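All values below were derived from every heavy atom in this structure, side-chain atoms included, with hydrogens, water molecules and symmetry-related copies excluded. What you see is a predicted model, and the numbers here were worked out from it, not measured in a lab.
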Amino acid sequence: MLNRVPAGGNVVLLYASKYNDVPTVINISGRFHLEKGMEGRLGKDFLQRIKQNGFIDVKNRKGQFEYRVTQESLMDRLTTDTRAACLSIDQNCRVLTIHGSRDKIVPAKDALEFARFIRNHKLHIIEGADHEYTAHQDELATVVLDFVKAVREDRNTAELLQSCERAVNFIKARI
């Protein structure tokens, strides 16, 4: 699963922390400290406006509606314990975090926090990349593909070993 949903990219990691049916997560520029960055996206007076109206409509740079933030969803985000969620991710779930070293929207230090608290984790910092990986799309794609291939090879090897083990046990039972 890819982690690139606007204003909710951490949903995949949070889902993986709650359910053990996610074998692989690719976390691209995810935010660890969910309480940060709100002012930049919602405006300086976002807490006052959301209390007054019950919601904030987020618009893009062209002034077009993108999505609505409700007071409930904002409070849910602000009270999410990312550290606890990361510690709850199943050890068999493989997680790759990719982050740009020049990301001004989500600091690269957030990627280091994911690496601290997720057990089966690989971290890749792309030097010079911004939040959108503007001049680093090829490197981003390569890192993702290499990780997916490695996970697939590991799973195929594990299945082959299980198959061999079953065959050995069958032979032993027959002898």
Side-chain angles (χ1 to χ4, degrees), residues 1-51 54-56 58 66-133 136 139-148 150-152 154-155 158:
M1 299 182 115
L2 280 179
N3 175 359
R4 279 301 274 176
V5 180
N10 295 65
V11 170
V12 176
L13 287 166
L14 294 172
Y15 180 94
S17 75
K18 199 168 187 177
Y19 304 100
N20 291 329
D21 60 352
V22 179
T24 309
V25 174
I26 299 173
N27 172 23
I28 301 174
S29 301
R31 184 178 294 280
F32 188 88
H33 300 286
L34 295 177
E35 70 283 358
K36 297 195 177 173
M38 302 301 291
E39 192 173 287
R41 189 69 174 142
L42 302 177
K44 288 189 178 201
D45 59 345
F46 73 93
L47 282 174
Q48 290 171 314
R49 287 187 297 127
I50 207 159
K51 285 180 184 174
F55 66 90
I56 295 174
V58 178
E66 283 192 349
Y67 57 91
R68 177 169 283 179
V69 177
T70 64
Q71 186 169 358
E72 180 184 3
S73 67
L74 177 63
M75 292 306 119
D76 188 44
R77 180 180 174 107
L78 293 176
T79 59
T80 297
D81 185 348
T82 308
R83 179 185 173 276
C86 288
L87 291 170
S88 297
I89 294 174
D90 187 86
Q91 66 185 11
N92 294 317
C93 177
R94 298 198 44 194
V95 179
L96 167 65
T97 295
I98 305 170
H99 215 100
S101 67
R102 293 199 176 155
D103 188 332
K104 292 181 179 166
I105 295 172
V106 179
K109 67 181 180 181
D110 279 335
L112 301 174
E113 294 296 309
F114 287 115
R116 282 181 57 200
F117 298 111
I118 299 174
R119 289 175 284 210
N120 197 354
H121 186 269
K122 180 178 180 181
L123 173 62
H124 188 96
I125 302 291
I126 296 181
E127 285 303 317
D130 60 12
H131 190 71
E132 300 299 324
Y133 299 86
H136 297 84
E139 185 177 354
L140 174 63
T142 299
V143 171
V144 170
L145 287 173
D146 288 349
F147 182 76
V148 170
V151 167
R152 190 173 185 187
D154 288 351
R155 294 230 159 80

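- For the atom pair CG (L13) and CD1 (I26), the distance works out to 11.5 Å, reported to the nearest 0.5 Å.
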Notebook entry, point to check: Is there a side-chain contact (heavy atoms from CB on, under 4.5 Å) between V12 and N27 once you walk through the steps?
Noted result: CA-CA 8 Å; V12 176; N27 172 23; over 6 Å; no
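- Residue pairs meeting the salt bridge (Lys or Arg N to Asp or Glu O under 4.0 Å) criterion with at least one partner in residues 11-21, sequence neighbours excluded, are absent.
- Taking CD1 from I125 and OG1 from T97, the interatomic distance works out to 8.5 Å, rounded to the nearest 0.5 Å.
- Using a 4.5 Å cut-off on side-chain heavy atoms (C-beta onward), N120 and V95 make no contact.
- Side-chain N or O atoms of S73 include none that pairs as donor or acceptor with a backbone N or O of V69 at under 3.5 Å.
- A donor-acceptor pair under 3.5 Å links the side-chain atoms of R31 to the main chain of I105, judged by distance alone.
- Within the 4.5 Å cutoff, no side-chain heavy atoms of I98 are placed close to those of F147.
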Next item on the list: Start with the C-alpha distance between R77 and N10, add both sets of side-chain angles, then the distance that settles side-chain contact (heavy atoms from CB on, under 4.5 Å), and finish with yes or no.
Entry: CA-CA 10 Å; R77 180 180 174 107; N10 295 65; 5.6 Å; no
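- The CG atom of D146 sits 9.0 Å away from the NE2 atom of H124 when rounded to the nearest 0.5 Å.
- The neighbour count for E72 CD, taken as heavy atoms of other residues, nucleotides or ligands under 6.0 Å away, does not exceed 12.
- In this structure L14 satisfies the side chain to side chain contact (heavy atoms under 4.5 Å, CB included) test together with T80, A85, sequence neighbours excluded.
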Next item on the list: Could you walk me through whether Y15 and V25 pass side-chain contact (heavy atoms from CB on, under 4.5 Å), step by step?
Entry: CA-CA 10 Å; Y15 180 94; V25 174; over 6 Å; no
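- From I126, atom CD1 reaches atom OG of S29 across 8.0 Å, with rounding to the nearest 0.5 Å.
- Side-chain atoms of F114 and T82, non-hydrogen and from C-beta on, do get closer than 4.5 Å to each other.
- With hydrogens and angles ignored, the 3.5 Å screen pairs a side-chain donor or acceptor of H99 with a backbone N or O of V106.
- In this structure, CG on L123 lies 13.0 Å from CZ on R116, to the nearest 0.5 angstrom.
- Judged by distance alone, with hydrogens and angles left aside, the side-chain atoms of H136 form a donor-acceptor pair with the main-chain N or O of E127 at under 3.5 Å.
- By the salt bridge (Lys or Arg N to Asp or Glu O under 4.0 Å) test, E139 pairs with no residue at all, sequence neighbours left out.
- With sequence neighbours excluded, no residue forms a salt bridge (Lys or Arg N to Asp or Glu O under 4.0 Å) with D76.
- Every pair passing salt bridge (Lys or Arg N to Asp or Glu O under 4.0 Å) that includes a residue from residues 94-105 is listed here, sequence neighbours excluded: R94-D154.
- Shown here for G100 and Y133, the closest heavy-atom pair between the two residues is N-OH, 3.4 Å.
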Check: What do the steps show when you test L47 against L74 for side-chain contact (heavy atoms from CB on, under 4.5 Å), and what is the final call?
Finding: CA-CA 9 Å; L47 282 174; L74 177 63; 4.1 Å; yes
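- For the atom pair R119 CZ and D90 CG, the distance stands at 7.0 Å (nearest 0.5 Å).
- Under a 3.5 Å cut-off, the side chain of S101 and the backbone N or O of G128 do form a donor-acceptor pair.
- Judged as a ring-ring contact (aromatic ring centres under 6.0 Å, His included), and not counting sequence neighbours, F55 has no contacts.
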